[in-house]
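Nothing here was measured: the structure is a model prediction, and the numbers come from that model.
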Amino acid sequence: MKRLLFFLITLCLAVSINAQEIEVTGSRKAVRTSGDVGAVLLPVAGLTAILVNRDWQGLKQGALAGITTLGATYILKYAVKKERPDRSDMHSFPSMHTSVSFTAAGFIQRRYGWKWGIPAYIVSTYVGWSRVYGKKHDWWDVAAGAVIGVGSSYIFTRPFARKHELTLSPIAGNGHCGVYASMRF
């Protein structure tokens, strides 16, 4: 499970780094697209962790956080009716991409710890930045999305590690290294 979660978060980071290389050429669309990918991959990473661990309590908590985020974001988008910086429509506030990605990052961090949460927050921050850089949102749209997402996760998500007494320890010797994990079922 941890390898798969690590792979998905690493994939998000790789997409982000690749987009920064593309940015040098001036392609806002490429940066927006990479942000779109990050906004999808983070919830997929969280769902994958849930399914691999058979963490049904986490599934319920993640679903509640996700539904709350989507509901709050849609209500605000249609109530506020703020024009996007690129003038494409009147649904700029708050950023849905950012709220969804920060919900996933908050869930991953709360449920599985900071080791997985930090990379997820880095990807979420990139998603928010890509929305501002791509002229789809102003910074306050992104900040509001981040607050909604993290807030929803913190309200509904309880730490998995504490409940199951999860212990992670680094190990190394004779040219190899790894992580020892134990938990109570």
Side-chain angles (χ1 to χ4, degrees), residues 5 8-50 58-111 116-157:
L5 186 58
L8 289 171
I9 291 174
T10 303
L11 182 61
C12 290
L13 287 171
V15 167
S16 300
I17 291 166
N18 187 35
Q20 288 177 350
E21 291 173 10
I22 292 169
E23 175 201 342
V24 173
T25 66
S27 175
R28 289 189 193 278
K29 184 173 168 84
V31 171
R32 278 197 320 258
T33 301
S34 67
D36 295 346
V37 170
V40 170
L41 283 180
L42 277 171
V44 168
L47 183 59
T48 301
I50 288 169
L59 178 62
K60 182 174 98 175
Q61 293 170 5
L64 286 170
I67 290 167
T68 300
T69 296
L70 291 173
T73 303
Y74 270 116
I75 288 168
L76 286 170
K77 276 186 175 295
Y78 286 91
V80 173
K81 295 182 181 175
K82 179 182 171 288
E83 187 175 31
R84 291 184 186 271
D86 70 354
R87 304 188 187 285
S88 61
D89 65 33
M90 298 294 288
H91 303 295
S92 183
F93 183 87
S95 168
M96 179 68 76
H97 284 72
T98 307
S99 65
V100 168
S101 65
F102 271 92
T103 300
F107 173 82
I108 290 168
Q109 179 263 310
R110 290 279 292 163
R111 198 76 183 151
W116 304 109
I118 289 172
Y121 279 121
I122 290 169
V123 173
S124 294
T125 302
Y126 174 79
V127 169
W129 173 83
S130 75
R131 302 305 288 167
V132 174
Y133 181 82
K135 303 285 188 202
K136 286 298 189 180
H137 294 284
D138 294 312
W139 69 268
W140 51 87
D141 303 335
V142 168
V147 168
I148 291 167
V150 171
S152 295
S153 288
Y154 267 70
I155 289 169
F156 291 106
T157 307

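For residues 39-50, no pair satisfies salt bridge (Lys or Arg N to Asp or Glu O under 4.0 Å), with sequence neighbours left out. The list of salt bridge (Lys or Arg N to Asp or Glu O under 4.0 Å) pairs with a residue in residues 140-149, not counting sequence neighbours, reads K82-D141.
Scored by the side chain to side chain contact (heavy atoms under 4.5 Å, CB included) test, I67 finds no partners at all (sequence neighbours excluded). Residues passing the side-chain hydrogen bond (donor to acceptor under 3.5 Å, both in side chains) test with Q109 are Y121, Y154, sequence neighbours excluded. With sequence neighbours excluded, the residues that form a salt bridge (charged side-chain N to carboxylate O under 4.0 Å, His left out) with R84 are D89. Applying the salt bridge (charged side-chain N to carboxylate O under 4.0 Å, His left out) rule to K77 yields no partners; only residues at least two apart in sequence or on another chain are considered. The side-chain hydrogen bond (donor to acceptor under 3.5 Å, both in side chains) search around Y74 returns none, not counting sequence neighbours. Every residue meeting the side chain to side chain contact (heavy atoms under 4.5 Å, CB included) condition with I118, not counting sequence neighbours, appears here in chain and number order: W114, I122. Every residue meeting the side chain to side chain contact (heavy atoms under 4.5 Å, CB included) condition with S95, not counting sequence neighbours, appears here in chain and number order: H97, T98, R131, H137, V142. Residues satisfying the side-chain hydrogen bond (donor to acceptor under 3.5 Å, both in side chains) criterion with S130, sequence neighbours excluded, are absent altogether.
Between Y126 and W129, the ring planes are tilted. Angles from 30° to 60° get that label.
Using a 4.5 Å heavy-atom cutoff, the side chains of V80 and M90 are not in contact.
When every heavy atom of S153 is checked against every heavy atom of T103, the shortest pair comes out as OG-O, 2.6 Å. Closest approach of H91 to Y78, counting heavy atoms only: CE1-CE2, 3.0 Å. When all heavy atoms are compared, the tightest approach of F107 to I50 is CZ-CD1, 3.5 Å. Residues A39 and S101 share a closest heavy-atom pair of CA-CB, 4.2 Å.
Interatomic distance, S124 OG to I108 CD1, rounded to the nearest 0.5 Å: 8.0 Å. Separation of atoms CZ (F93) and OG1 (T73) is listed at 9.5 Å; rounding is to 0.5 Å. Interatomic distance, L64 CG to K60 NZ, rounded to the nearest 0.5 Å: 7.0 Å.
A donor-acceptor pair under 3.5 Å is formed between the side chain of D86 and the backbone N or O of S88.
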Chi angles and distances behind the side-chain contact (heavy atoms from CB on, under 4.5 Å) call for L59, L47: CA-CA 7 Å; L59 178 62; L47 183 59; 4.0 Å; yes

Side chains of residues 143-152: which donor-acceptor pairs under 3.5 Å do they make with residues two or more places apart or in other chains?
unit_1: S152; atom_1: OG; unit_2: T69; atom_2: OG1; d: 3.1
unit_1: S152; atom_1: OG; unit_2: I148; atom_2: O; d: 2.9

